[in-house]
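For reference, the structure discussed in these notes is given below.
What you see is a predicted model; the values in this text were computed from it and never measured.
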Amino acid sequence: MRTVYLNGDYLPEDAAKVSIFDRGFLMADGVYEVTSVLDGKLIDFDGHAVRLQRSLTELEMALPMGRDALLEVHRELVRLNEITDGMIYLQITRGSPGDRDFAFPPKDTPPTVVLFTQAKPGMADSPMALKGMKVISIPDQRWGRRDIKTVQLLYPSMGKMMAKAAGADDAWMVEDDHVTEGTSNNAYIVKGNTIVTRQLGHDILHGITRAAVLRFAREAQMTVEERPFTVAEAQAADEAFITSASMFVMPVVEMDGAAIGTGAPGPVAARLREIYLDESRKAAI
């Protein structure tokens with residue numbers, strides 16, 4: 001049984017309880033982060049901590065603990081649960097005011113802070129990296145502030161199920177004829193020596209893995225073009241891939257039934273995955 005963290009306490013998972021009046025449960029009024037663990041160490045922790053602070057600030061919520069205290073909780077959960085490879089899920093909600101109301105509760109309402117681990121042995125050696133993913137396109141019907149990492153995940157969940165029903169692995173969401181992002185990842189295409197991915201804004205999540213991978217790509221003398229791309233461009237690309245904290249860099253080999261490039265993972269995605277994993281392991285804490 002896992003040990004989890006709830007509001008300052010480390011508890012067996014079946015002993016951790018949250019109020020039915022919690023704003024996260026009733027209003028999806030909360031934010032989250034997922035930090036990967038490789039070889040028992042945290043990947044990109046500081047990036048996740050910075051984005052967490054940004055999300056909270058955008059929702060007028062206070063960070064209930066400092067960076068060092070947050071790091072200690074992450075490390076203690078890794079230790080207590082003997083995690084070698086896996087993920088740590090963190091969620092902070094506006095707390096439980098004791099009843100349901102659309103208006104925000106008083107500022108002194110204590111937030112709810114939850115962290116738990118998910119063991120994923122061998123996550124860096126996923127077989128999918130060798131065969132690639134298949135995606136479908138779906139309309140992007142989410143709210144307008146996708147840059148805030150909130151717990152409003154109903155439509156991305158529906159997108160995952162649409163992909164599953166179509167025999168695909170994931171869905172890329174489309175708005176105004178252009179791809180925004182995947183259901184839980186950032187989306188990229190490769191044409192020639194140029195990597196194309198949507199620019200940052202309110203339309204997409206500011207991915208922590210995205211930032212690292214684009215930095216490594218530029219350091220490797222690859223050209224990066226941050227702009228929207230269409231489904232047709234994706235289908236005509238030489239390669240495509242996604243990035244996320246849990247999948248790192250993952251090739252995409254088919255979109256809406258059309259093969260991308262050769263229909264097999266290409267060299268750019270493979271190289272970026274290798275670089276990202278190597279560099280992230282070196283910098284892990």
Side-chain angles (χ1 to χ4, degrees), residues 32-34 36 44 47-48 51 87 89 120 123 126 128-129 131-190 195-214 217 224-235 237 239-261 265-266 268-270 272-273 276:
Y32 77 103
E33 286 290 337
V34 179
S36 287
D44 279 331
H48 289 287
R51 186 172 63 183
M87 297 177 288
Y89 179 90
K120 303 282 184 181
M123 65 187 294
S126 170
M128 188 173 284
K131 69 176 185 177
M133 298 173 59
K134 297 178 181 180
V135 302
I136 61 169
S137 62
I138 62 173
D140 197 335
Q141 297 179 347
R142 298 170 298 165
W143 79 317
R145 290 302 307 273
R146 303 146 193 172
D147 55 307
I148 306 172
K149 197 171 177 70
T150 73
V151 297
Q152 299 180 59
L153 297 173
L154 179 58
Y155 189 69
S157 294
M158 292 173 69
K160 296 279 190 190
M161 296 309 294
M162 291 179 217
K164 184 176 181 179
D169 301 298
D170 201 4
W172 279 6
M173 293 176 279
V174 178
E175 187 172 62
D176 298 327
D177 296 324
H178 290 82
V179 173
T180 49
E181 57 190 338
T183 58
S184 58
N185 45 70
N186 292 116
Y188 309 74
I189 60 172
V190 181
I195 299 166
V196 181
T197 191
R198 195 178 185 96
Q199 73 277 13
L200 295 180
H202 290 172
D203 303 327
I204 66 169
L205 183 68
H206 299 191
I208 303 306
T209 308
R210 175 191 185 278
V213 167
L214 292 185
V224 176
E225 193 174 328
E226 295 184 65
R227 64 164 177 84
F229 60 85
T230 65
V231 171
E233 280 186 278
Q235 291 174 325
E239 292 184 49
F241 61 92
I242 59 103
T243 62
S244 74
S246 60
M247 300 186 80
F248 313 117
V249 180
M250 190 63 67
V252 174
V253 297
E254 180 183 296
M255 186 169 195
D256 290 338
I260 296 174
V268 173
L272 286 174
R273 182 179 177 87
Y276 177 79

Working to the nearest 0.5 Å, report the span between CE of Met158 and CG of Leu153.
13.0 Å

For the side chain of Ser36 and the backbone of Met87, is there at least one donor-acceptor N/O pair under 3.5 Å apart?
no

Just wondering, do Val231 and Trp172 contact through their side chains at under 4.5 Å, heavy atoms?
no

Please determine whether the number of non-hydrogen atoms from other residues, nucleotides or ligands lying under 6.0 Å from atom CE of Met128 exceeds 12.
yes

Mind checking whether Asn186 and Ile204 have side chains closer than 4.5 Å, heavy atoms only?
yes

Student check: side-chain heavy atoms of Ser246 and Lys120 closer than 4.5 Å
no

Between Met173 and Gln141, is the side-chain contact (heavy atoms from CB on, under 4.5 Å) condition met? List the steps.
CA-CA 8 Å; Met173 293 176 279; Gln141 297 179 347; over 6 Å; no

Are the side chains of Phe248 and Met123 in touch, meaning some heavy atoms are under 4.5 Å apart?
yes

Gly207 and Arg51: which non-hydrogen atoms are nearest, and at how many Å?
CA-NH1, 3.5 Å

Salt-bridge present (Arg146, Asp140; N to O < 4.0 Å)
yes

Taking all non-hydrogen atoms of both residues into account, name the closest pair between Ile136 and Ala166 and its distance.
CG2-CB, 4.0 Å

For residues Asp44 and Ala212, report the shortest heavy-atom separation together with the two atoms involved.
OD2-CB, 4.2 Å

Measuring from atom CE of Met250 to atom OG1 of Thr243, what distance do you get when rounded to the nearest 0.5 angstrom?
11.0 Å

Heavy atoms only: give me the nearest Tyr32-Thr150 pair and the separation to one decimal.
CE2-O, 3.2 Å

Can we say Arg198 and Glu181 salt-bridge, meaning some charged N sits less than 4.0 Å from an Asp/Glu carboxylate O?
no

Closest heavy-atom pair and its distance - Thr197, Phe229
CA-CE2, 4.3 Å

Rounded to the nearest 0.5 Å, the CZ atom of Arg210 sits from the CG atom of Asn185 at a distance of 12.5 Å

Should Met255 and Ile260 count as side-chain neighbours, where that means a heavy-atom distance under 4.5 Å?
yes

The reported gap from CD in Gln152 to CZ in Arg142 (rounded to nearest 0.5 angstrom) is 11.0 Å

If only side-chain N and O atoms count, and only distance matters, is there a donor-acceptor pair under 3.5 Å linking Ser137 with Asp256?
yes

Derivation and outcome, salt bridge (Lys or Arg N to Asp or Glu O under 4.0 Å), residues Lys149 and Glu33
CA-CA 7 Å; Lys149 197 171 177 70; Glu33 286 290 337; 5.4 Å; no

Going by atom types alone, do Ser184 and Lys160 pair a side-chain donor with an acceptor below 3.5 Å?
yes

Between the NE2 atom in His178 and the CG atom in Asp203, the distance rounded to the nearest 0.5 Å is 11.5 Å

Do Glu175 and Pro228 touch side chain to side chain, with heavy atoms closer than 4.5 Å?
no

To the nearest 0.5 Å, what is the distance between CE on Met162 and CD1 on Ile138?
4.5 Å

Do the non-hydrogen side-chain atoms of Met247 and Ser126 ever get within less than 4.5 Å of each other?
no

Give the C-alpha distance, both sets of side-chain angles, the deciding distance and a yes or no for side-chain contact (heavy atoms from CB on, under 4.5 Å) between Thr180 and Val174.
CA-CA 6 Å; Thr180 49; Val174 178; over 6 Å; no

Using a 4.5 Å cut-off on heavy atoms from C-beta on, say whether the side chain of Tyr188 contacts that of Val190.
no

Testing the basics here: between Ala187 and Ile242, what is the closest heavy-atom pair and its distance to 0.1 Å?
CA-CG2, 4.4 Å

Can you see whether Thr183 engages Asp170 through a side-chain donor-acceptor pair at a distance of less than 3.5 angstrom?
yes

